[in-house]
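All chains are named by letter (A, B, ...) in the order of the sequence lines, taking the proteins before the strands, and each is independently numbered beginning at 1.
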4 protein chains.
Amino acid sequence: MNDQFNIYREAEKTEKLTPKQKLIFQSAIELFSERGYANTSTKEISEHAGVSEGSIFRKFKNKEELLMAILTPLTHKILPQDLDKFSRTAYQNGNLNLKYFLTTMINDRISLFKYNHKIMKIFLNEFIYDQHIHDRLIESIPKKSFKQFNEVLDDLKKKQILIDWDNLEIFRFLASNILGYLIEHYIIVDVKKWNEPLEIEHITDFIVKGLTPTK
Amino acid sequence: MNDQFNIYREAEKTEKLTPKQKLIFQSAIELFSERGYANTSTKEISEHAGVSEGSIFRKFKNKEELLMAILTPLTHKILPQDLDKFSRTAYQNGNLNLKYFLTTMINDRISLFKYNHKIMKIFLNEFIYDQHIHDRLIESIPKKSFKQFNEVLDDLKKKQILIDWDNLEIFRFLASNILGYLIEHYIIVDVKKWNEPLEIEHITDFIVKGLTPTK
Amino acid sequence: MNDQFNIYREAEKTEKLTPKQKLIFQSAIELFSERGYANTSTKEISEHAGVSEGSIFRKFKNKEELLMAILTPLTHKILPQDLDKFSRTAYQNGNLNLKYFLTTMINDRISLFKYNHKIMKIFLNEFIYDQHIHDRLIESIPKKSFKQFNEVLDDLKKKQILIDWDNLEIFRFLASNILGYLIEHYIIVDVKKWNEPLEIEHITDFIVKGLTPTK
Amino acid sequence: MNDQFNIYREAEKTEKLTPKQKLIFQSAIELFSERGYANTSTKEISEHAGVSEGSIFRKFKNKEELLMAILTPLTHKILPQDLDKFSRTAYQNGNLNLKYFLTTMINDRISLFKYNHKIMKIFLNEFIYDQHIHDRLIESIPKKSFKQFNEVLDDLKKKQILIDWDNLEIFRFLASNILGYLIEHYIIVDVKKWNEPLEIEHITDFIVKGLTPTK
DNA sequence: AATGAATGAGGGTTCATTCAT
DNA sequence: TATGAATGAACCCTCATTCAT
């Protein structure tokens, strides 16, 4: 049911991986997320996958290609691809408000990231630290998403249900709080149990209040 | 003037580094932040510092000790060490409100990180990936800060000028938005110029509104 | 027409190669001569031939067997196999002279090498460096050729139309100048166009003059 | 006394090699000439030199740089650098003739190559087979030598003591016969003993006769 | 104190060869 | 017969660390 959020299963399909190559793929995700790309040797990956080291390089030209094969699918999903769906939903409801729109979007993003938090961890790190990978990833993020995102925000601002700040700032407020939540609970993982629905509601409330225009 | 926020100058003092060792120290910060700890060789550090490779290991037992020498001072400063100063300030002003308290604190944190963003960049990465370093750093964060932080928040909540959410959640909202801002502008460094005071005001407004109790 | 000089076509016949194996054979010649035996991978050969890598090893036990299959036929032709034909020709002409004999022989050798210069290039390299191949090739050069060669030279010397030097020296003068010409134009391949008949005439003249006994 | 012809001793000096690096240098010459550059592993070189493998890469950036360090000095000497010295010698003698000029030059070249036949073997092979190295070597051959060579030949042709063929052809006749001799005796090394002065005299006679203009 | 030559374990990658399909 | 996935030894090279000078 939640397979719509499982990114790498899809990647495995489209890349036509053999069973052993799937093991390599999954082992790489496991180890990269655990100890970082630079700190994981191809030998370790092959051992974790129960496969010869050479097998890695049959499918993946080199270690970086393996990393990109893991990360690229995410770049196509990392921004909501049908933002207008959310805004339309809000309109259909008749009861047009920012909260409903954001609630839908935030939950969608959280679901996506939850099911791919290991890849997300790898992604976040490489995106910040490896300029080369940073550039390659930026390129592969669909331009369409950016455009849509801006259109929706501009529309909301025009209707005066969104504060009139720069779109990039608004985007950062969204991203910071969603990612902050996810990083705390899924990446740093010190905390054992928590009331997820409640916290998500808090996040939504927090963002909605923060982005509502002051009268 | 802003030397109060300069962490590594202090580190150099306390560790009693010779001039050459200072060069090593600064070169390591420069290169670790630029290309990551794992991707920086001691050879490169020594060359950047204009020093022989062996000199690194005279002062620092090994590469990791050098890293820890860079990061440890930060752990003592990463949480505000005199939060009550901020709250007292707010009181003294007579005009007690959340915004003033947060404004002071946020600006303080941003100043600290700005003047140490290279170390921060190194810190973020190692904190996420190296369990060993993660643990050492957690230990060295002063317990006192945690306690103080909780006391202040509880006080604010009692006075009903702060929303009644879990302190850790509130902390996360603060941290997420401050770090989000800093990472965007000081670590990812795609953007060239921006209106810093305005953005900081937005951040403060955003957080204040988000954390103000609903009537 | 010039198929008498085409060595590998013959090889293909005698080894009874299937069409795919012919492709492998020709691809190997192409690539070995281009980048050297050691620098050509079986994968590259199979790709160049449009064939699976495994197919190479169906016919050829290993990479070296493939090399030997290419080189061995050359070793049976590398020395003129019917030298007496040349000398007889010279006699029949009635106009017995060294020049006519050498002209015929030199042109014959040049024709042979021209049509097999890729194999020759491979041969020259392996002959020099691989002792194992060196020995195998020396063995497979027909003893008859040596004997014939000596007989012809001795006869010419007796008739005092050839200088009285050691046969091996004379052989080297012949070989050096013929190979020098071929290596320059067919193996080093820097030069674009040249007057082949003229140069061959010069070579012949040069050798004839050099080997004519001084009165 | 003959150290004027020893190229690599000079190389070792100019490159300021440590004793261990000299061992590496000499081992590389030994092994490259014995089994070829491509068939010699850096591990083998280090073992032959009784040194750790890493030591190779302290001085030489990579395997190819090691090869170039061996070959480059030769490229500066491979063509006679003071051809006019030979021609002047011939003139001074009063008894100006082609034979004297060639005798001097041929003996000089043979001496040079004899004392560096291992490097020559490596050189010949890489020059023919590795396009990349071919180009680098061509570049480093001093242009002056080419110019001088042409001037001397043109002068000799004008005085009608040298046949009027293209200079490149004449060069090839010289090179082919000198190299043929050296390759036979110093590189293929099947022959045990031979009368060197006699053979060199034959070579000189052979070339002189071949290049003397026909009346 | 400072140097930098030397080490050798381990890194990513290539490749001839095997073998199940 | 033909394929190509899989292997693992060997390859070139990097690097933190040691130590004689």
Side-chain angles (χ1 to χ4, degrees), chain A residues 16-21 23-24 37-47 49-66, chain B residues 18-21 24 37-47 49-66, chain C residues 18-21 24 37-47 50-66, chain D residues 16-21 23-24 38-47 49-66:
Chain A
K16 291 191 177 63
L17 302 179
T18 66
K20 297 220 170 186
Q21 285 165 348
L23 288 172
I24 292 168
Y37 171 73
N39 297 317
T40 304
S41 73
T42 51
K43 185 109 187 290
E44 286 168 327
I45 295 170
S46 69
E47 277 168 3
V51 147
S52 80
E53 204 178 350
S55 294
I56 295 174
F57 298 94
R58 157 157 290 276
K59 178 65 191 179
F60 307 100
K61 213 176 67 213
N62 51 40
K63 199 184 163 194
E64 188 179 332
E65 282 306 308
L66 172 55
Chain B
T18 68
K20 294 218 172 188
Q21 285 163 349
I24 292 168
Y37 171 73
N39 295 319
T40 304
S41 71
T42 51
K43 184 105 187 292
E44 286 168 325
I45 295 170
S46 69
E47 278 169 2
V51 147
S52 79
E53 209 177 345
S55 294
I56 294 175
F57 295 94
R58 168 156 302 278
K59 175 64 188 177
F60 307 99
K61 212 179 70 210
N62 50 38
K63 200 184 162 191
E64 188 178 334
E65 282 305 308
L66 173 55
Chain C
T18 66
K20 294 216 171 187
Q21 286 163 349
I24 292 169
Y37 171 74
N39 294 318
T40 304
S41 71
T42 51
K43 183 104 188 296
E44 287 168 324
I45 295 170
S46 68
E47 278 169 3
V51 147
S52 80
E53 209 176 347
S55 294
I56 294 174
F57 296 92
R58 169 156 300 279
K59 176 64 188 178
F60 307 99
K61 210 179 72 212
N62 50 39
K63 200 183 162 192
E64 189 178 333
E65 281 306 308
L66 172 56
Chain D
K16 291 189 175 65
L17 301 179
T18 66
K20 297 219 171 188
Q21 285 164 350
L23 289 173
I24 292 168
N39 296 317
T40 305
S41 73
T42 51
K43 185 111 188 290
E44 286 169 327
I45 295 170
S46 69
E47 276 167 4
V51 147
S52 78
E53 202 179 349
S55 294
I56 294 174
F57 298 95
R58 157 157 289 277
K59 179 65 193 177
F60 307 99
K61 213 177 66 213
N62 49 40
K63 200 186 162 192
E64 188 178 331
E65 281 307 307
L66 172 55

> Would you please test B/Lys59 and B/Lys20 for side chain to side chain contact (heavy atoms under 4.5 Å, CB included) and show each step?
CA-CA 10 Å; B/Lys59 175 64 188 177; B/Lys20 294 218 172 188; over 6 Å; no

> Can you tell me how far P of F/dC12 sits from CG of C/Asn39, to the nearest Å?
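Distance check: C/Asn39 CG to F/dC12 P gives 11 Å.
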
> Mark up nucleotides 16-21 of chain E, 5' to 3', with B wherever a protein heavy atom is under 4.0 angstrom from a base atom, S wherever such an atom reaches only the sugar-phosphate, and - elsewhere.
BBB---

> Testing the basics here: between D/Ser41 and D/Glu44, what is the closest heavy-atom pair and its distance to 0.1 Å?
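Shortest heavy-atom separation between D/Ser41 and D/Glu44 comes out as N-OE1, 2.9 Å.
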
> Measure the distance from CD on C/Glu47 to P on F/dG4 and round it to the nearest whole Å.
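Whole-Å distance recorded here is 11 Å.
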
> Let me know the distance between CD1 of C/Ile45 and P of E/dT14, rounded to the nearest Å.
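Those two atoms, CD1 and P, are 17 Å apart.
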
> Go ahead and write out DNA chain E as dot-bracket, 5' to 3': ( ) for pairs within the strand, [ ] for ones crossing earlier pairs, | when the partner sits on another strand, dots for unpaired; Watson-Crick or G-U wobble, both distances under 3.5 Å.
.||||||||||||||||||||

> So, taking the atom named OG in C/Ser55 and the one named CZ in C/Phe60, what distance separates them when rounded to the nearest 0.5 Å?
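So the gap between those two atoms works out to 11.0 Å.
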
> If I take atom CD1 in residue D/Ile56 and atom C1' in nucleotide E/dA5, what distance separates them, rounded to the nearest angstrom?
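Rounding to the nearest Å, CD1 of D/Ile56 and C1' of E/dA5 are 15 Å apart.
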
> Could you state the atom-to-atom distance from CD of A/Gln21 to P of F/dG4 in whole Å?
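Spelled out: CD on A/Gln21 to P on F/dG4 is 13 Å.
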
> What is the distance, rounded to the nearest whole Å, between atom CD of A/Glu44 and atom C1' of E/dT13?
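Checked: the CD to C1' distance equals 16 Å.
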
> Looking at CG of D/Leu23 and OG1 of D/Thr18, how far apart are the two atoms once the value is rounded to the nearest 0.5 Å?
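Those atoms lie 8.5 Å apart.
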
> Rounded to the nearest 0.5 Å, how far does NZ of B/Lys63 lie from OH of B/Tyr37?
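The distance works out to 5.0 Å.
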
> Please round to the nearest 0.5 Å and tell me the distance separating atom OG1 of A/Thr42 and atom CZ of A/Phe57.
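That separation rounds to 4.5 Å.
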
> Indicate whether OP1 or OP2 belonging to F/dT3 is found under 4.0 Å from a side-chain N or O atom of C/Lys20.
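The answer is yes; a side-chain N or O of C/Lys20 sits under 4.0 Å from OP1 or OP2.
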
> Any chance you could measure C/Arg58, atom CZ, to C/Ser52, atom OG, to the nearest 0.5 Å?
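That separation rounds to 9.0 Å.
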
> For the atom pair CD1 (A/Ile56) and CG (A/Leu66), what is the distance rounded to the nearest 0.5 Å?
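One gets 7.0 Å once the value is rounded to the nearest 0.5 Å.
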
> Look at C/Ser55 and F/dT3 and indicate whether a side-chain polar atom (N or O) is within less than 4.0 Å of OP1 or OP2.
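Yes, C/Ser55 has a side-chain N/O under 4.0 Å of OP1/OP2 on F/dT3.
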
> Between F/dT14 atom P and D/Phe60 atom CZ, what is the distance in whole Å?
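Result: 15 Å.
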
